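Below you'll find the structure, written out as structure tokens, and then a few comments.
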Amino acid sequence: MSKTVFELADSVMYVKGVGPTRAEALEKLNIVTKRDLLTHYPRTYEDHRHITKIANVQVGEQAIVVGRLSNIQFRDIRRGLSMITATLSDETGSLPVVWFNQEYLRKKLHEGARLVIIGKTNPRALFPEMSQITSFSILSEGEKVQLGIEPVYPATARLNQNFFRTAIRNLLDAMPPVEENLPRALVRKLNLLSRDAAIRAIHFPASIEELRAARRRLAFDELFTIQCGLMLIKRRVQEEQLGIKCKKNGALVKELLASLPFSLTKDQQKVFSEVARDMESSMPMRRLIQGDVGSGKTAVAMLALVKAVENGWQGAFMAPTEILAGQHYETFTKFLSGLGIRVGLLSAKATRTKKMREEIYRQISAQELDIVIGTHALIQEGVQFAKLGLIIADEQHRFGVSQRARLGQKSSAVPDMLVMTATPIPRTMTLTVYGDLEVSLIKEMPPGRQPVETKVKNIRSRKKVYEFVREEILKGRQAYVVCPLIEHSESEKLSHVDSAEETYERLSEGIFSDIPCALIHGRMRSDEVMEKFRAGEIKLLVATTVIEVGVDVPNATVMVIENAERFGLSQLHQLRGRVGRCAEKSYCFLISDSKASIAQARLDLMESTNDGFVLAEEDLKLRGPGQFFGESQHGLPDLKVANVFRDVETLQEARTAAEEFVASGLDLEDFRANLIAVYGENFSQISQA
Ligand code: ADP
Ligand code: MG
């Protein structure tokens with residue numbers, strides 16, 4: 001006789017209570033195997049541990065009642081609306097119950113049946129009436145009511161709560177104990193639930209404490225896995241690959257330092273020396289520089305690039321947009337051409353025709369260019385550097401873990417890499433999304449900067465704000481007006497939101513009709529406009545968030561942000577960073593007519609703090625990491641249980657444990673296979689790349 005072997009990889013169809021038809025419906029929820037169903041974790045839980053006696057049921061409240069059914073009546077009110085009314089009684093009293101449009105119950109309900117009903121009583125009725133039934137079950141004679149903390153699953157109309165609860169219950173009953181996938185010593189040391197207990201308890205916890213322990217264990221699993229992956233990447237970079245090895249700072253670096261119109265701040269010096277040390281070691285540099293807008297990251301980047309060049313390497317600088325690439329190109333040329341360094345720009349313009357493209361590719365591969373600036377097209381197919389030694393990514397959240405892991409697979413020496421960001425990333429995020437990088441911080445601002453004065457204004461004060469902007473412009477300053485939209489699409493007629501195009505028309509034909517204005521947004525060629533704005537020929541720039549990152553026009557000292565409530569706090573902070581770049585006082589006006597108190601509170605926070613970290617934390621709390629980084633651009637496996645804000649402690653534990661685990665080298669191969677089994681291709685890409 002052959003025994004049936006239970007396999008989590010088997011089709012979900014074979015779970016008792018599922019079958020082929022429901023399996024098909026489950027597939028739409030990406031639930032294909034038994035394992036998928038097992039990890040279809042509850043969205044939340046309902047506390048069903050307390051039965052209310054019918055006499056104690058209140059109007060408009062949630063309750064669980066148990067009793068016998070009588071007076072069952074079926075009524076067709078009209079087409080598409082039917083109703084079942086009945087009375088539920090226990091030893092304390094009776095309660096009217098109502099079901100709407102539940103045709104199939106005709107056959108099921110009968111006089112005298114014992115039911116447990118979970119639901120809410122009608123809030124508008126005078127007396128308690130159970131009219132919003134969330135779930136109920138018919139009890140067989142003598143059956144005890146099963147009370148507990150009930151899971152609430154992400155469900156659909158066809159696959160309801162009852163279905164999931166039953167199917168998962170059946171799956172758990174049929175399933176042999178889940179194997180432990182963590183080292184036993186670790187489980188003991190951190191006092192974690194076993195994997196088996198955790199998986200069972202996350203579905204059907206016996207108590208709140210058990211639920212908490214189950215969540216912690218499963219969150220730990222996820223975070224530990226990620227951390228191990230990151231450690232593996234880090235170790236591979238450090239041990240198995242040779243990076244470039246630069247000499248101590250030489251003549252070119254010194255010349256550049258001498259020719260800068262300022263001396264570096266202490267933080268800039270410290271960060272550059274960290275970078276230089278990495279570059280001088282044969283281990284490939286993997287470093288993140290965090291510094292608020294305007295803290296002077298570009299100067300550090302330029303120094304690092306020059307250091308690579310003086311050691312005979314080429315450098316690549318990736319900017320997030322074409323506008324910025326162009327702007328950096330100009331800055332770099334200004335400072336570096338005097339040093340005999342050849343800087344190139346790989347832009348859409350420079351590669352317009354096939355011939356032009358081939359020419360710049362040729363220059364790169366012949367090392368006729370020392371430093372190439374462009375968007376992320378720079379590291380794409382077709383661009384072959386002769387001697388790429390350093391890659392710098394500026395404001396590139398897209399340049400995620402897996403891209404970093406893939407770096408250097410093409411060439412013999414692995415290029416050094418530096419990621420720069422002005423988006424203040426809370427430490428918890430740094431540990432995950434950038435967990436394979438060392439971190440340098442620039443906290444100090446260059447001298448002479450005044451904090452930008454920020455004011456929240458409603459639409460009624462808008463005219464006054466514009467008048468103020470006019471005055472500043474007449475004093476010789478420049479200004480931005482930022483709008484959330486380019487134009488109104490037919491589908492999205494947001495009458496209360498002004499598009500950039502409308503605003504531009506309104507302003508350039510109205511209050512600013514005698515002042516040179518221009519419009520710039522992501523769907524137009526903007527280099528020329530930007531050029532004129534920088535040169536001071538254009539005084540007022542109406543823009544979308546294309547100006548969010550890095551545009552540097554020190555003479556611009558006023559910014560007006562329309563419909564400010566539609567932006568994230570970090571984004572507002574980034575935008576605000578476009579002003580306050582010179583010794584003159586700068587202003588930022590946040591225009592909003594939102595009555596929502598949350599929106600108001602958020603904007604008030606902008607008024608009261610200039611600390612990007614505070615704002616970012618707030619943003620993350622409100623919007624979650626997905627929003628913050630753009631969905632799954634970071635290349636990490638999705639988190640089902642863990643939440644990097646709530647589970648900060650678990651994250652720290654996982655980080656430390658992963659460090660020790662990977663350093664010990666114990667069972668790593670076995671464990672890696674385990675991780676890949678759980679996290680699939682996405683993870684194997686990271687850990688094996
Ligand atoms: P970030 O890229 O960090 O936002 P930038 O590198 O663009 O900042 O620097 C912002 C401005 O500050 C630039 O105009 C730059 O020339 C200037 N700057 C950078 N470092 C210093 C410094 N140490 N002292 C004075 N000005 C500086
Ligand atoms: Mg910058």
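Indexing begins at 1, ligand by ligand and atom by atom, following the structure's order. These numbers were taken from a predicted model, which means no experiment stands behind them.
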With atoms numbered from 1 as shown, which atoms in ligand 1 lie under 4.0 angstrom from a non-hydrogen atom of [X]?
X: Leu264; answer: 23 (N)
X: Thr298; answer: 2 (O), 5 (P), 6 (O), 7 (O)
X: Thr265; answer: 23 (N)
X: Arg581; answer: 4 (O), 7 (O), 10 (C)

Worksheet item: Between Tyr329 and Phe317, does the ring centroid distance fall short of 6.0 Å?
Response: no
Discussion item. I need the contact type for Pro261 against ligand 1. Using non-hydrogen atoms and a strict under-4.0 Å cut-off, is it side chain, backbone, both or neither?
Written reply: neither
Practice prompt. Using a 4.0 Å heavy-atom cut-off, say whether Met420 meets ligand 1 through its side chain, its backbone, both or neither.
Written response: neither
Worksheet item: Is the shortest heavy-atom distance from the side chain of Val553 to the side chain of Arg534 under 4.5 Å?
Response: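 Yes, close enough: below the 4.5 Å cut-off.
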Worksheet item: Should Arg352 and Arg357 count as side-chain neighbours, where that means a heavy-atom distance under 4.5 Å?
Response: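 Arg352 does not reach Arg357 side chain to side chain.
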Worksheet item: Less than 4.0 Å between a side-chain N and a carboxylate O, is that true for Arg362 and Glu359?
Response: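 The answer is yes: the pair qualifies as a salt bridge.
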Worksheet item: Any Lys/Arg nitrogen of Glu453 or Lys585 sitting under 4.0 Å from an Asp/Glu carboxylate oxygen of the other?
Response: yes
Discussion item. Tell me the nearest of Ser295, Gly291, Pro446 to atom 25 (C) of ligand 1, using heavy-atom distances.
Written reply: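 Looking at heavy atoms only, the winner is Pro446.
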Worksheet item: Is the shortest N/O to N/O distance between Phe262 and ligand 1 below 3.5 Å?
Response: no
Discussion item. If you apply the rule side chain to side chain donor-acceptor pair (under 3.5 Å), what do you find for Lys307 with Asn249, and how did you get there?
Written reply: CA-CA 7 Å; Lys307 185 174 175 77; Asn249 293 341; 2.7 Å; yes
Item to complete: Start with the C-alpha distance between Lys266 and Glu444, add both sets of side-chain angles, then the distance that settles salt bridge (charged side-chain N to carboxylate O under 4.0 Å, His left out), and finish with yes or no.
Response: CA-CA 8 Å; Lys266 278 217 186 64; Glu444 180 189 10; 5.8 Å; no
Fill in: Ala301 to ligand 1, any heavy atom closer than 4.0 Å
no
